[in-house]
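A note on names: the letters A, B, ... follow the listed sequences, proteins ahead of strands, and every chain is numbered from 1.
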Amino acid sequence: MRRILDTDTAFRWFCKAGAIVGLAVAIALVAVILKESMLALRTAGFSLVFSAEWNPADGSFGAAGALAGTAATTLLALLMAVPLAFAAALFVNAAPPNVAVPVAHALDLLAAIPSVIYGMWGLFVLCPLLQSVLSRFGIEYTGFGLVPSSLVLALMVLPYVSAVMRDVLAQTPVALVESAMGVGCTRWEATWDVVARSRKAGLLGAIMIGLGRALGETMAVLFVCGGVSAIPTGLLDGCTTIAATLANDFAEADGVHKSALFALGGILLAFEFAIQATTIPLIGRRSRK
Amino acid sequence: MNSRKITENILSVSTATLLITGVAVFGFGCNGKGRQKINGAGGSFPAPLYQSWCFDYSQDISHPKVNYQSVGSSAGISQIKAGTVDFAGTDAPLSEEDCEKSGLEQFHMVSGAVVPTVNLPSLAQSTFTLDGDTLADIYLGKIERWNDTRIAALNPGLTLPDLKITVVHRGDGSGTTHIFTTYLSSVSEAWKKDIGIGTLVKWPCGIAGQKNPGVCNNVSRIKGAIGYTEYTFALEAKLQIAFLAVDGKTVKPDEAAWPILGKTYILTRKDTPADKMSAMADFFSWCKQYGGDTARRLHYIPVSK
């Protein structure tokens, strides 16, 4: 009797310790980022976010270009990935198992490829391909920038978005689909107007997961973005992202420069946190319905 | 967040640890009886030469055993400051105050050429020439096409392609960029005024590549691209090198008149024990005395004796 009590107590403390370590690390992380970015916040202030003048050599740290690049690449990537992911999820759920299972595995496999491999593929295959294809239409393009960055990102978020959508769609009550068909809906109407609508929150959650992944992706984008710190004005422009700027500059940075990078990391962390906070209730809701 | 940098950090920490252990084991274990060891680390640009010198020098077993690790100039500087290595190599010199403050001694070891590389398939077999002012204006974004009249004037007899110029520069902080921007500032008032000299500068146009291989890769993959790298990297990557017109005469990187030259430096600690100091002095004077041929073979320019 006594022995059982002891293991229980020990186990409870062990679990508590695990939870506390996780929380402590998160708090320490935020504290360090805040502390390290103070110098940049004091010297650069709002120009950190509103100015596009990024020049470590003369002490200007305006990251508007990197912020715009992050927003643009992420949005473009989602525009391409979400419809594909939705279609793939529908297919996997509707197809007979002997077709659906290999397709699902192949999709999941995409998620297992390290991001640096996507980056190398982008650099060695995608960029030269874009350049030569566009030159056939008389468009002179370097092959680097927004287009390859968002294409690579789209490929990378596709398996995540699709996997969550698959689960979300699988939760649709069969009766709902059958009733839709029963009242004479076409397949498209049953899918789009009934299933997708009833699963709206979960599908949105899936998109948010893709968003979170695309925002923070570093290596793959660094390879193909072109490292241009100005705000991109056209699709064919070079760009950079917050994560790529961090990876590129951190090794040599010190003083205000390093502090500005910490501040950028903080901004990224805040975005990711906000996404996380909105995603959890969205995906959680599906189980309650 | 960034696995490459993390791996690098882990690697450099473990390298440092290994070095410390190595120094400790050999320092105490051999107690003067075995061969003395000298450890160096730093810039990757002179690494092929230093490593080849170390090998040749250490062949003679009466000499101390010298090692040089290519970890990057900045990492070399922090290691010599921390005292984990006996000497460091750096491409961008430390300021006098910084040397004074950290108790370091700095001297010029070798020079190396930085070359503009181009990707112009139709001119691959021709001698293609630029001059300092044109090069600066290309990097300023003022000259945008390869068939610009100013480029044509430097290359009479060549049919220049009607192609957009894609400028490629280093994305990371680099001694090579320091050397290249020093040159551009010396030939172009506009460059000096608007951009200046630095290991990281605000490029008015173009796209970035990571390190020397990244720049070479981007240049070799983009038709109409121009980049700059250390001479040896350009040769290894088999890129076309643009020669430079100096006072109306076309100069190649092998020639003494080549204008884009960078010096690379050695840093040592003033508090190095006397026996080690004299061993290092012996190594460096050996390099200066006997290392010239190796240096020239690897396309470096040794300091005259």
Side-chain angles (χ1 to χ4, degrees), chain A residues 29 52-60 62 65 114-116 119-120 123-132 135 139-145 216-219 222-230 237-240 242-254 257 265 268-269 272, chain B residues 1-9 12 71-75 77-78 92 119 144-146 161-175 177-178 181 194-211 213-215 217-225:
Chain A
L29 190 79
E53 175 80 14
W54 180 269
N55 184 4
D58 76 353
S60 340
S115 69
V116 69
M120 283 165 68
L123 181 64
F124 291 117
V125 181
L126 187 60
C127 290
L129 188 74
L130 283 170
Q131 191 193 22
S132 71
S135 74
I139 301 166
E140 289 181 314
Y141 181 43
T142 59
F144 290 80
E217 179 44 47
T218 309
M219 288 322 291
L222 182 63
F223 275 102
V224 298
C225 67
V228 176
S229 61
D237 280 1
C239 64
T240 189
I242 299 178
T245 306
L246 291 181
N248 188 53
D249 288 21
F250 227 106
E252 288 96 3
D254 51 12
H257 188 190
L268 197 58
L269 187 72
E272 295 278 10
Chain B
M1 180 174 57
N2 170 6
S3 55
R4 186 177 61 123
K5 286 277 147 67
I6 292 169
T7 322
E8 270 180 21
N9 284 343
S12 54
V71 295
S73 294
S74 317
I77 291 170
S78 35
N119 179 349
E144 293 181 322
R145 303 197 70 81
W146 283 111
D162 180 14
L163 194 64
K164 197 177 129 211
I165 301 178
T166 300
V167 167
V168 180
H169 52 75
R170 285 282 287 267
D172 51 322
S174 140
T177 303
H178 192 274
T181 51
D194 296 338
I195 314 294
I197 299 171
T199 52
L200 266 178
V201 297
K202 185 176 167 56
W203 299 98
C205 61
I207 58 167
Q210 297 300 311
K211 315 238 169 207
V215 169
N217 179 71
N218 287 4
V219 171
S220 66
R221 263 155 226 285
I222 304 172
K223 283 191 195 72

Quiz prompt | For chain B, the option from A:Glu217, A:Gln131, A:Glu53 that forms the most heavy-atom pairs under 4.5 Å | solution = A:Gln131
Practice problem: Using the six-membered ring wherever Trp is involved, compare the ring planes of B:His169 and B:Trp203 and label them parallel, tilted or perpendicular (cut-offs 30° and 60°). | Solution: parallel
Quiz item: Heavy-atom distance under 4.5 Å to chain A: side chain of B:Ile195, backbone, both or neither?
Solution: neither
Quiz item: Non-hydrogen atoms of chain B under 4.5 Å away: do they reach the side chain of A:Ser135, the backbone, both or neither?
Solution: neither
Quiz item: Is there a donor-acceptor pair closer than 3.5 Å between any side-chain N or O of B:Asn119 and the backbone N or O of B:Ser220?
Solution: yes
Quiz prompt | Residue, of A:Gly227, A:Gly226, A:Pro56, that accumulates the most heavy atom pairs under 4.5 Å with chain B | solution = A:Gly226
Practice problem: Please flag which part of A:Phe124 lies under 4.5 Å from any non-hydrogen atom of chain B: side chain, backbone, both or neither. | Solution: both
Quiz item: Under 3.5 Å, is there a donor-acceptor pair between the side chain of A:Asn55 and the main chain of A:Ser60?
Solution: no
Quiz item: Distance-only, no hydrogens or angles: does the B:Thr181 side chain make a donor-acceptor pair with backbone N or O of B:Gly198 under 3.5 Å?
Solution: yes
Quiz item: Just by modelled atom types, is the B:Ala208 backbone N or O under 3.5 Å from a matching donor or acceptor in the B:Asn218 side chain?
Solution: yes
